Amino acid sequence: MPGERPITRNALLTLGVVAVVALLLAWVQGAGGAKLNDTLALFAIWGIAALSLNLINGTTGILSLGHHGFMLIGGYVTALLILPDSARQQISSSARSAMTPFTLGLSVESWFAALGLEALTTPGTLWVRFVVALFIGGLVAMLFGLIVGIPSLRLKGDYLAIVTFGFGEIIRLTASTSLFAPFTNGALGYAGVPSDFGKSLGWTFALLGITLFVLTKLKFSSHGRALQAIREDEIAAEAMGVSLARHKVMAFTISAFFAGIAGGLWVSYLSAARLDFFLFFLTFFFLVAISVGGTGSYTGVLMGTAVVVFVQQYGDPLERTYPLETWFAILGALVLAAGLGGAAFRRRKRLRPVWHPLTILLAGIGAVVLAVALLFPDAAAFDGTFQAFGMRRILLAVLLITIMALRPEGIMSRAEFSWAWLLRERRAEPSDDERAQDAWLTNPDLNRAGAAAADGAAGSAAGSAADGAAGAADPVEPYDYASDHPSAQGDPLPRALLDDDGPGAHPLLERGTKPRDVQRHGVAGDPDFHPDAPDDGASGDADDDGGDAGGGATDDGDEGRT
Amino acid sequence: MQLGSLYALIALGYTMVYGIIRLINFAHGEVFMVGAFTSYFLFTLAPFALPWALAWSALLAWGVTFVLNLWRGSMRDPLVLAGGGVAFVAFAVALSTSGLNWLAAMLLAMLTTGVLGVVIDRVAYRPLRGAPRISLLITAIAVSFLLQNTGLILFTRNQTPYRPGTSWTEFLQFDVGAGTVYTSRLVFLIPIVTAILVTALTLFVTRTRLGKAMRASAQDAETAQMMGVNVNRVIATTFLLGSMLAAAGGVLWGLNFGSLNQPAVLGILPGIKAFAAAVIGGIGSLPGAVIGGVLLGFLENFVTALFPRTGDFPGLTEYKDTFAFALLIIVLLIRPSGIVGEDLSEKV
């Protein structure tokens, strides 16, 4: 049992932020527009799903692609349980078969009546039914999580990804067959699912909060550490006594439970359940959210979800029908930007020449297309309109590829958001403790004095005052810095080394130069270095890194050796 | 047999890429889709306006230059410039003459798609060499999504008719003892084209220096690199060849079914089935891919023909797509190394 802990500043801050968010949400639901309300609700629902997927993909490090299957199960179970009888009557009779009385025919009211819970069938208690339905939906999805999780013991990596993808698709394809039509009503699905919950910010955000709380608690529990150990190295984790089977199945079941809950909310949000709501693109969206936010970081995943939901909700101008000339103008601008961006990239990376044939070509084509589209909007080629249906997904895919190429670990990497991190970033002045620590680390001579100070008095050993304090507290003859060492003037390193812009500076210390750059391209101003020469001196031209629009690597210069 | 040959052609791309960089190239099914639609584009929209033909040719010429640049090392190399020029002229001529032969359409589509494969590798996969495999896999999914939705923008119809006006799709009739058997010429054409391509690939892999480098990289990329093999170029070659085979599969697919599905369906389903074929045969092994493809095509037809719709029993036709997934999972669970694949035990 933890003892009494004082309410820390962090907890107070968190509570304060939660209160502000709750007030804002209440205001949005009351006064804000329907669009904003829907966006926030969608954020919460997809947030739950992305968080749960992150438990498998991020924390445990095994790629699962069948999340839409779990959501489908949770969604359909929930819909089946909260569907009002009036909507139930309208379900097409084509789906009816021998099994129909047990599923669509039998009203939920009669189930509750059989259990002696007539009170729960009144309209005012729909929320109780919803909570029960959501929970049952989660449990059924959990069962399927078990079914998917058990084979996953044997597999790893890509094979596991493909198997989970296969399971997700099998769930969807099987649900559409005539065998399961009594449960799912075939391709028609259900309409008229009450949308009181999926669009209510109170419900969705409360469930999001619960999910976030449970999953972050799990992450930092001993089981969570075991999951992270599996991510880092399965074999080492097993050698340290982590049961791979138990933990993988645990990750799958917990993840499937929350996915089922997200599915139930999603069905309620759409006020209908159809099989084509649960295509692979759902899982893909969550994958983008996880990768953008940071695999393994739950708070990062929420940031990624915000990006995805924003593109999804406010990206519709991208998919409207525009005159062809507009699209050409956009295309031209993009190509021009690629050319200019490539030149800027080469300049920043000190790749010469900055105006590479490729960048000139791209910028030229872009400029010409842009000019034609803007100057001759009535040209014959621009006769007609064009709709880019699917542009949002393309945007997300491009975003994912870019993130993966430039920063595979995502925005937050594996770190969680914390107040300390946020506040420390803003503080310019180091504290006295930090200053003392810095002085201690950089100046070996202070070590002796500091140790002496710590021996003598419980103490303040702060920065430049360290020698004074040491002198006062130490009964032994103090070491005389002033006459002996330049660092006594408060300068822990020799001036020449620190002065990085000075004429005598070592090129390796030049600001912004990474060792990798030096290795690849040499140091600016080095007369013996020819940055355009191929690495191994074999045949090759001055532009051996030609044609790389984004990579900037020159390592295809080593040729003629195969 | 036709279906099996098609699966085999696509599966070769999966298996080659997996053999060398241990990546399940999710985007390969979409590359196949692009190949199919490119050839459609070529022989239906061939007589389009000259500026379009020029723009399209310029794009391809640039692509060819790009790919050659990866091998020759410089955009300014005379051979690279010549290659781009030849591609430009060939493509411009092909596009401005109407009624493109299906074979010419197939070759041009193979060229375009091969370039696309190399570009995908260069832009999306190469920055991630040495990164965790999970990142690579996510990128592959993103690329597949990108191509799929680009295809959706260009071809929104559910079914795109695919009739290149060739005598090869006509029906033949044979008189056998019991009666007359009608069959399409494609029954012979598709396996023959497949056999030619597979033989060419085998010769390439076993007889050329680059093929040798490819086999060396598949065994151990790091050691091969130390021995002077340019692994990046080998990988680019792999993507080029795999994508070209996928495009050939796409053309034959269109001939076989007479129409092309929606891009999303056309990318995913044949892709996943071909992947299943590669796994059944043993991923990473070329003969395995062919065996797996033929086997899967046979099984799929066999299962649906064996249990047709009779009375109340709805038959297994609606489970046809589920079947491939189920088979894939079963094979992975029971024998992940496939029929002819070597045992991939974990190195500690």
Side-chain angles (χ1 to χ4, degrees), chain A residues 57 61 63 65 151 154-155 157-159 161-163 166-167 169-170 173-174 176-179 235 280-281 284 287-288 291 357-358 361 381 388-391 393-394 396-398 400-401 404-406 408 534 539-544 546-551 553 555-559 561-562, chain B residues 22-24 49 51-52 62 65-66 69-77 122-124 126-128 131-135 137-139 141-143 145-146 149-150 152-153 156 209-210 212-213 228-230 232-234 268 272 275 279 314 318-319 321-322 325-326 328-329 332-333 336 346 348:
Chain A
N57 287 11
L63 190 57
L65 300 176
R154 305 164 53 100
L155 300 167
D158 331 0
Y159 285 135
I162 211 91
V163 161
F167 269 115
E169 290 295 299
I170 283 179
L173 290 171
T174 315
S176 69
T177 59
S178 47
L179 183 65
I235 297 165
F280 177 66
F281 81 81
F284 177 75
L287 212 56
V288 177
S291 309
L358 179 69
L361 187 71
F389 182 71
M391 205 58 172
R393 294 183 197 176
I394 289 184
L396 286 178
V398 170
L400 184 49
I401 295 172
M404 276 296 162
L406 298 180
S539 72
D541 202 289
D543 306 276
D544 61 357
D548 51 354
D555 44 347
D556 44 9
D558 49 339
E559 63 224 332
R561 290 266 194 95
T562 46
Chain B
R22 297 269 176 268
L23 159 74
I24 294 174
W52 284 95
W62 179 78
T65 322
F66 176 88
N69 167 52
L70 288 183
W71 277 269
R72 301 289 302 183
S74 162
M75 282 281 197
R76 289 186 201 143
D77 190 299
R122 185 66 187 79
V123 171
R126 193 155 142 196
L128 288 170
R133 272 160 71 184
I134 201 160
S135 311
L137 210 54
I138 292 176
T139 311
I141 295 169
V143 172
F145 230 70
L146 178 67
N149 285 291
T150 313
L152 272 176
I153 286 183
T156 44
R209 279 167 70 83
L210 209 51
K212 201 175 190 178
V229 173
N230 185 340
N232 278 330
R233 191 187 303 162
V234 167
I268 292 175
I272 202 84
F275 177 71
V279 171
E318 60 184 0
Y319 294 96
D321 300 334
T322 319
F325 287 112
L328 175 62
I329 293 172
L332 279 180
L333 292 182
E346 185 80 9
V348 181

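This structure is a prediction, so every number in the text was calculated from the model and none was measured. Side chains are part of it too, since the values below use all heavy atoms of this structure and drop only hydrogens, waters and symmetry mates.
- Heavy-atom pairs under 4.5 Å with chain B were tallied for Val163(A), Thr174(A), Ile394(A), Leu400(A); the largest tally goes to Ile394(A).
- Interface residue Leu328(B): only side-chain heavy atoms are found under 4.5 Å from chain A.
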**Request:** Assess whether side chain to side chain contact (heavy atoms under 4.5 Å, CB included) is satisfied between Phe280(A) and Ile141(B), documenting all intermediate values.
**Result:** CA-CA 11 Å; Phe280(A) 177 66; Ile141(B) 295 169; 4.0 Å; yes
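- Only the side chain of Leu287(A) comes within contact range of chain B, with heavy atoms under 4.5 Å apart.
- Both the backbone and the side chain of Leu333(B) have a heavy atom closer than 4.5 Å to some heavy atom of chain A.
- Within the 4.5 Å cutoff, side-chain heavy atoms of Phe325(B) are placed close to those of Leu173(A).
- Only the side chain of Leu65(A) comes within contact range of chain B, with at least one heavy atom under 4.5 Å from a heavy atom of that chain.
- With chain A as partner, the option from Leu128(B), Thr139(B), Ile138(B) having the largest number of non-hydrogen pairs under 4.5 angstrom is Ile138(B).
- For the set Ile24(B), Ile268(B), Leu152(B), the count of heavy-atom pairs under 4.5 angstrom toward chain A peaks at Ile24(B).
- No more than 12 heavy atoms of other residues, nucleotides or ligands shown are found within 6.0 angstrom of CZ on Phe389(A).
- When all heavy atoms are compared, the tightest approach of Pro127(B) to Arg122(B) is CD-O, 3.6 Å.
- Looking at every heavy atom in both residues, Ile329(B) comes nearest to Gly166(A) through CD1-C, 4.1 Å.
- The two atoms that bring Val398(A) and Leu146(B) nearest to each other are CG2-CD1, 3.7 Å, heavy atoms only.
- Residue Phe284(A) touches chain B through its side chain alone, counting heavy-atom pairs closer than 4.5 Å.
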